[in-house]
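Below you'll find the structure, written out as structure tokens, and then a few comments.
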Amino acid sequence: MQKPSLPKGTRDFGPVQMARRNFILDTIKDTFQLFGYSQIETPAMENLSTLTGKYGDEGDQLLFKILNSGDYLKNVSAEDLEKGASATLSKVSEKGLRYDLTVPFARFVVMNRNELTFPFKRFQIQPVWRADRPQKGRYREFYQCDADVVGTDSLVCEAEIVLMIRRVFSNLGLQDYSIKINNRKILTGIAEAIGEEGKEAPLCVAIDKLDKIGWEKVSEELSQKGFDNSSIEKLAPLVELQSDYAGKVGFLKDFLSSSETGLQGVKELEEVFGILQSMGENLDHVDFDVMLARGLSYYTGAIFEVKVNNVSIGSVSGGGRYDNLTGVFGLSGVSGVGFSFGVDRLYDVLEELGLFPEESIQSTKILLTYFDEKGFRYALSVLQQFRKAGVRAEIYPDQAKMKKQLDYASKKGVPYVGICGDQEIERHSLALKNLETGVQEDLTIFQAVELLS
RNA sequence: GUGAUUGUAGCUCAGCUGGUUAGAGCGCUGGUUUGUGGCACCAGAGGUCGCCGGUUCGAAUCCGGUCUUUCACCCCA
């Protein structure tokens with residue numbers, strides 16, 4: 001006999017967890033649909049050629065590769081083995097598990113370009129796999145909920161992303177959070193303005209850590225990466241900038257006056273806020289953060305990140321605009337903007353804040369119980385009447401003591417029990433007991449069904 | 001990938017520097033109560049001490065390896 005176990009970084013979801021996860025998932029799905037996104041799904045596995053080279057060297061290493069079926073060693077020579085893993089890999093594996101939902105989506109768009117109507121708004125909720133080292137809030141299998149629009153440059157999309165995030169959070173009962181927003185062009189502009197043109201990539205990587213390690217360490221890192229001390233000094237007033245939205249915009253227009261790209265970024269941001277205002281919306285929860293960088297290198301316009309305040313979990317949602325998502329698959333000129341919710345992290349946040357509603361875990365509404373064969377027959381007929389009325393009902397399947405039946409109900413969180421004994425059969429009634437209050441009353445079947453439906 | 005850390009009953013954890021039969025609380029099963037759960041009392045079942053190897057007369061305890069957990073870095077959701 002072997003002890004059962006789970007692969008590293010994976011987990012089961014029991015009934016309670018599933019009910020809670022569905023509460024989150026349903027809220028997100030409902031919101032995406034409300035804003036006109038349609039759902040798609042793609043296979044768990046993709047060809048390795050589709051996946052490799054899209055996430056950088058680190059990402060390639062984190063891909064789960066699938067061993068070819070059959071005699072997977074038949075193409076491998078002794079020479080290959082000597083050369084090592086990288087030379088052998090392509091001969092033993094041609095498929096891998098998806099690493100995110102964005103690349104499979106890009107593949108989907110290219111393959112279906114003639115059938116799709118652009119702008120194409122899609123959402124996708126599926127698990128992805130990474131051979132990462134698990135940590136709190138980091139798993140090897142986890143769900144992503146992506147929504148993207150491709151084939152339009154309109155900044156309405158950006159504004160709608162803000163609205164969708166706010167709707168989801170409000171429906172989940174989350175109040176204290178901020179949607180950080182910035183524009184990649186502003187970061188490019190900053191690099192230009194401080195005299196380090198073209199170096200926004202290392203600049204972003206370093207700046208991204210500002211919250212975590214502080215300005216001093218960031219400036220050290222920049223200096224290590226070859227930034228001039230004078231450039232770093234120029235950056236300082238920006239880092240220390242404490243101002244409201246209008247103040248920041250004003251400051252940046254001046255700071256970036258030498259950079260056309262930078263000014264364009266500010267303009268785009270203003271436009272997004274302008275659109276929100278035209279929709280009659282305010283800027284609640286929206287936080288223009290000049291230092292928000294996000295690691296991903298493919299963003300070219302707006303970037304978002306959502307952080308719930310006063311919890312121990314990192315960002316729960318993020319995204320941005322990218323040009324040329326599908327370029328690597330041979331379809332250029334398709335720009336898009338998208339974002340994603342981290343369900344697993346949202347789960348942890350809601351748990352930490354105790355925000356899961358009680359009803360979300362309730363399944364069965366009434367359990368029918370009985371004492372003997374005669375009661376069992378009677379209960380079966382009653383059961384059907386509850387179900388016909390759409391009431392979630394079940395019958396205790398085995399003949400057992402009342403104690404055991406009631407125990408089952410209260411442990412499963414079933415709020416009502418319908419007792420079917422000789423008295424009830426005689427009167428064509430049901431003893432309906434509320435397990436929470438302990439109150440029991442004798443009702444006709446019709447009354448009982450009415451009460452619970 | 002680097003550096004730490006964890007593993008004893010279903011769960012949370014005791015078990016001192018190696019020494020007879022490895023414990024507790026909760027949970028579980030049965031009973032007190034053959035038409036009524038939560039409370040109380042009584043009884044009972046459950047453990048190759050993560051796995052493999054080594055040291056030793058003797059290992060849950062020491063050593064090595066491996067897997068797992070958690071954490072920091074890297075990166076990221």
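Here is the naming used below: chain letters follow the sequence lines, and residue numbers restart at 1 for every chain. Because the structure is a prediction, the values reported are computed rather than measured.
In this structure A:Asp287 satisfies the salt bridge (charged side-chain N to carboxylate O under 4.0 Å, His left out) test together with A:Lys248, sequence neighbours excluded. The side-chain hydrogen bond (donor to acceptor under 3.5 Å, both in side chains) test applied to A:Asp148 returns A:Arg122, A:Tyr322, not counting sequence neighbours. Considering only residues two or more places apart in sequence or on other chains, A:Asp176 meets the side-chain hydrogen bond (donor to acceptor under 3.5 Å, both in side chains) condition with A:Asn309, A:Asn310.
Listed by first and then second residue, the salt bridge (Lys or Arg N to Asp or Glu O under 4.0 Å) pairs that reach into residues 311-320 of chain A come to none, sequence neighbours excluded. A salt bridge (Lys or Arg N to Asp or Glu O under 4.0 Å) check over residues 95-105 of chain A, counting only residues at least two apart or in different chains, returns nothing. Annotation: side chain to side chain donor-acceptor pair (under 3.5 Å) contacts involving residues 377-389 of chain A, sequence neighbours excluded, comprise A:Glu373-A:Arg377. The ring-ring contact (aromatic ring centres under 6.0 Å, His included) contacts involving residues 398-424 of chain A comprise A:Tyr396-A:Tyr408, where partners must be two or more places apart or lie in separate chains. Pairs passing the salt bridge (Lys or Arg N to Asp or Glu O under 4.0 Å) check and including a residue from residues 44-57 of chain A, sequence neighbours excluded, read A:Glu46-A:Arg107.
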Treating primed atoms plus P, OP1 and OP2 as sugar-phosphate and everything else as base, which nucleotides of nucleotides 34-39 of chain B get B, S or - for protein heavy atoms under 4.0 Å?
-BBBB-
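RNA chain B is contacted by no residue of residues 169-180 of chain A, taking any non-hydrogen atom closer than 4.0 Å.
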Atom pairs, protein N/O to nucleotides 43-47 of chain B N/O, distance under 3.5 Å:
none

Intra- and inter-strand pairing of RNA chain B, written as dot-bracket with Watson-Crick and G-U pairs under 3.5 Å and | for the latter, reads ((((..(..((((.....[...)))).(((((.......))))).....(((((..]....))))))..))))....
